[in-house]
**Student:** 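Mind looking over this structure? Questions follow.
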There are 2 protein chains.
Amino acid sequence: MGYSVGQVAAFAGVTVRTLHHYDKAGLLSPGERSPAGYRFYSDADLARLQQILFYRELDFPLDEIAVILRDPQADALHHLRERQRRLREEIARLERLAEVAEQAIEVQRTGVALTPEERFEVFGEISFDLSYATEAQLKWRDSAAYREAMARARAHTKEDWRQLMNEAAAWRAELLAAFDADQPADGGLAMDLAERHRRHLTRWFTPCPPDTHRRIADDLAADPRAFALLVPPSQQRPGLAAYVSKAIHANASRRDGSRTDSEEHP
Amino acid sequence: MGYSVGQVAAFAGVTVRTLHHYDKAGLLSPGERSPAGYRFYSDADLARLQQILFYRELDFPLDEIAVILRDPQADALHHLRERQRRLREEIARLERLAEVAEQAIEVQRTGVALTPEERFEVFGEISFDLSYATEAQLKWRDSAAYREAMARARAHTKEDWRQLMNEAAAWRAELLAAFDADQPADGGLAMDLAERHRRHLTRWFTPCPPDTHRRIADDLAADPRAFALLVPPSQQRPGLAAYVSKAIHANASRRDGSRTDSEEHP
DNA sequence: GTTGACCCTCCCCTTACGTCAGGCTTGAGG
DNA sequence: CCTCAAGCCTGACGTAAGGGGAGGGTCAAC
């Protein structure tokens, strides 16, 4: 008589719905139907189902399974090799992702030694963007400056952070004033603000020679997540990131020109 | 003024449709709309998009990304750990799959040393089921009997296979006759057929003592793919696999009882 | 004759968009 | 001022592999 859908489903470990699906897809149609339309599967159908499930476990799409089974296995081998190649690619991709996640966890764990509550209290609107921090870590983790900055950041107490953020807020206010007053980005006022930013970084994180500062400026202009660490979205204006970047570049050139004042070596 | 969809799409490396999708999904709505309904994205929107893409690269589902970004990153960390765990699981799973594919390729490569055409010519309707062969390999590859059988199979020439399959066909015809004539499975005729099957295996593949033959019988009854190697679907009848299995068991018991005739040691 | 378990066929839902279709808007050139 | 191409809009359907449910038929047992 053959097996009913329920029986087949039970001992093949699939659902009835799946069998219906394979039937409609033409992948596995039962050899027999009762007058009432009930499906009845033969042993040959079961053999075919086992094959289907085997290839399905290897993540073959159903239509490819259909091809493999239709063909008198002319080249199941070819499909298998192809599949194995793609499996290896996927494994490599996932391993990269796991590495990124690892770094993200690492950066969060070692970046700022505050509880979430303290963090919210100190940083307020400034969001510590994990995605940006992680990409930065992946990009810069081999640089000595980055490592020093991270180490010092982690050593900061809550009071350090509060003071640091207060300084930053004051600086930000002056920046906005200068920008809104249309002070030129390469003018003295803007350059002085850039210089104060440089000293701020030097004091709290890592020495920041002109070339380093230029790289930071480029990142600020290119990646809005970086700029959001400096000026929260609510205070941003169109063109402000480019303005800051330009000011930093101008200041760096100014300092390049007069190498004598080197507070890096007091 | 902000950036249009096209601009954002171009330099974020996504399609316009994706931005529409994120908008409708409430994941990223542009800060501004022109009177005509055109979307305009601010720098803050861009920062958010970057975050979205970061998490998307880690294969986060969009609704989970929405949660992470909605929350003032209360615990992006928690989500990341969870994701990393699942990534590792998935990697392990794919590695198992790659191993299975490897074995499938191996079994196909070393099982039968014939070209596809020859194979078709010799085996005809009997399909050499790769999925079953692979599972068998994974199950038994450590057994000496399996390894010997595979080695001898591989050494068979086309002529060997042809002769072997002719013997099998003759045997099959007698089996069907016995079954259709309602000869009892534990009767002398059926047991003799079982014994001939045993000798066939012994001659062409590997010595087959009663216990080994019993295991084979159980597999024939349990897995229709195994039975299909013995009797092609077109010649099968309901209950035939169980019949063969029972006959083999009966024959094994008979031989257990009379240990003296051991043609295994001539 | 009636219950309860099983079966049937639609049909909508899921993810993260791709792919039109049909119709506005906008900026540049004539 | 008109036109044309490029760019934008909304809306709707399709994808893979089924999940879930509605509404209704079938079957064996009591």
Side-chain angles (χ1 to χ4, degrees), chain A residues 1-42 45 48-49 51-69 79 83 86 90 93 97, chain B residues 1-42 45 48-49 51-69 79 83 86 90 93 97:
Chain A
M1 190 72 251
Y3 314 94
S4 71
V5 266
Q7 289 175 304
V8 174
F11 72 73
V14 300
T15 66
V16 171
R17 183 65 178 83
T18 298
L19 293 176
H20 285 178
H21 186 62
Y22 291 172
D23 189 0
K24 195 155 19 179
L27 191 55
L28 177 68
S29 299
E32 230 180 318
R33 289 273 197 153
S34 83
Y38 282 28
R39 293 173 178 79
F40 286 109
Y41 293 86
S42 69
D45 294 330
R48 190 178 168 91
L49 177 58
Q51 292 190 61
I52 292 169
L53 295 181
F54 172 80
Y55 290 110
R56 188 185 72 162
E57 271 194 29
L58 289 175
D59 286 352
F60 277 92
L62 294 190
D63 53 2
E64 197 170 340
I65 296 179
V67 169
I68 294 175
L69 297 193
H79 290 272
R83 172 101 329 225
R86 272 188 285 182
E90 183 68 3
R93 189 182 77 90
L97 294 195
Chain B
M1 192 72 244
Y3 314 95
S4 71
V5 266
Q7 290 175 302
V8 173
F11 72 73
V14 299
T15 67
V16 170
R17 182 63 177 85
T18 299
L19 293 176
H20 285 178
H21 185 63
Y22 291 171
D23 189 1
K24 195 156 18 182
L27 190 55
L28 176 68
S29 299
E32 228 180 320
R33 288 273 197 152
S34 84
Y38 281 29
R39 293 172 179 80
F40 286 108
Y41 293 86
S42 69
D45 294 329
R48 189 177 168 91
L49 177 57
Q51 292 191 61
I52 292 170
L53 296 181
F54 172 80
Y55 290 111
R56 188 184 72 163
E57 271 194 28
L58 288 175
D59 287 349
F60 277 91
L62 293 190
D63 53 1
E64 197 170 341
I65 296 179
V67 169
I68 293 175
L69 296 194
H79 290 271
R83 172 101 328 223
R86 273 188 283 180
E90 184 67 3
R93 190 181 77 90
L97 295 196

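By convention in this document, chain letters (A, B, ...) are assigned in the order of the sequence lines, proteins followed by strands, and residues within each chain are numbered from 1.
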**Student:** Quick one: on DNA chain D, does A/Arg56 or B/Val5 contact a more 5' nucleotide (nearest heavy atom)?
**Tutor:** B/Val5
**Student:** What integer distance in Å separates A/Asp23:CG from C/dC8:P?
**Tutor:** 9 Å
**Student:** Would you mind telling me which residue lines up with the more 5' stretch of DNA chain C, B/Leu62 or A/Gln7, judged by nearest nucleotide?
**Tutor:** A/Gln7
**Student:** Going from CZ on A/Phe60 to CG on B/Leu97, what distance comes out if it is rounded to the nearest 0.5 angstrom?
**Tutor:** 10.0 Å
**Student:** How far does OG1 of A/Thr18 sit from CG of A/Asp23, to the nearest 0.5 angstrom?
**Tutor:** 12.5 Å
**Student:** If I take atom OH in residue A/Tyr41 and atom C1' in nucleotide C/dC7, what distance separates them, rounded to the nearest angstrom?
**Tutor:** 12 Å
**Student:** For B/Glu57, does the CD atom have more than 12 heavy-atom neighbours from other residues, nucleotides or ligands under 6.0 Å away?
**Tutor:** no
**Student:** Roughly how far, to the nearest 0.5 Å, is CG of A/Asp63 from CD1 of A/Ile68?
**Tutor:** 10.0 Å
**Student:** Heavy atoms from C-beta onward define the side chain here; which of C/dC8, D/dG18, C/dC17 lies closest to that of A/Arg17?
**Tutor:** D/dG18
**Student:** Kindly compute the distance separating CG (A/Leu19) from CG (A/Leu27), expressed to the nearest 0.5 Å.
**Tutor:** 10.5 Å
**Student:** I need the OH-C1' distance between A/Tyr55 and D/dA16, as an integer number of Å.
**Tutor:** 20 Å
**Student:** Rounded to whole Å, how long is the line connecting atom NZ of A/Lys24 with atom C1' of C/dC12?
**Tutor:** 12 Å
**Student:** Kindly calculate the angle separating the two end axes of the helix from C/dG1-D/dC30 to C/dG30-D/dC1, each obtained from five base pairs, and round it to 10 degrees.
**Tutor:** 30°
**Student:** What contact category does B/Tyr22 fall into here, base, sugar-phosphate, or nothing, at under 4.0 angstrom with non-hydrogen atoms?
**Tutor:** sugar-phosphate
**Student:** Scan B/Thr15 against the nucleic acid and name what it touches under 4.0 Å (heavy atoms): base, sugar-phosphate only, or nothing.
**Tutor:** sugar-phosphate
**Student:** Think B/Ser4 has a side-chain N or O under 4.0 angstrom from the OP1 or OP2 of D/dC8?
**Tutor:** yes
**Student:** Among C/dG18, C/dC8, D/dG18, which is the nearest nucleotide to the side chain of B/Thr18?
**Tutor:** C/dG18
**Student:** Suppose we call a contact any N or O donor and acceptor under 3.5 Å apart; does that hold for the side chain of A/Tyr38 and the base of D/dG25?
**Tutor:** yes
**Student:** Can you tell me the distance, in whole Å, between the NE2 atom of B/His21 and the C1' atom of D/dC13?
**Tutor:** 15 Å
**Student:** If you measure from OH on B/Tyr22 to OG on B/Ser29, what distance do you get to the nearest 0.5 Å?
**Tutor:** 13.0 Å
**Student:** Could you please name the option among D/dA17, C/dT25, D/dC9 that lies closest to any side-chain atom of B/Arg33?
**Tutor:** D/dC9
**Student:** Can you check the A/Arg39 CZ to C/dC6 C1' distance for me, whole Å?
**Tutor:** 13 Å
**Student:** Under a 4.0 Å threshold between the charged nitrogen and the carboxylate oxygen, would B/Arg93 count as salt-bridged to A/Asp59?
**Tutor:** yes
**Student:** Measure NE2/A/His20 against P/D/dA16 and give the value in whole Å, please.
**Tutor:** 21 Å
**Student:** Check the distance between C/dC8's P and A/Glu32's CD and give it to me in whole angstrom.
**Tutor:** 13 Å
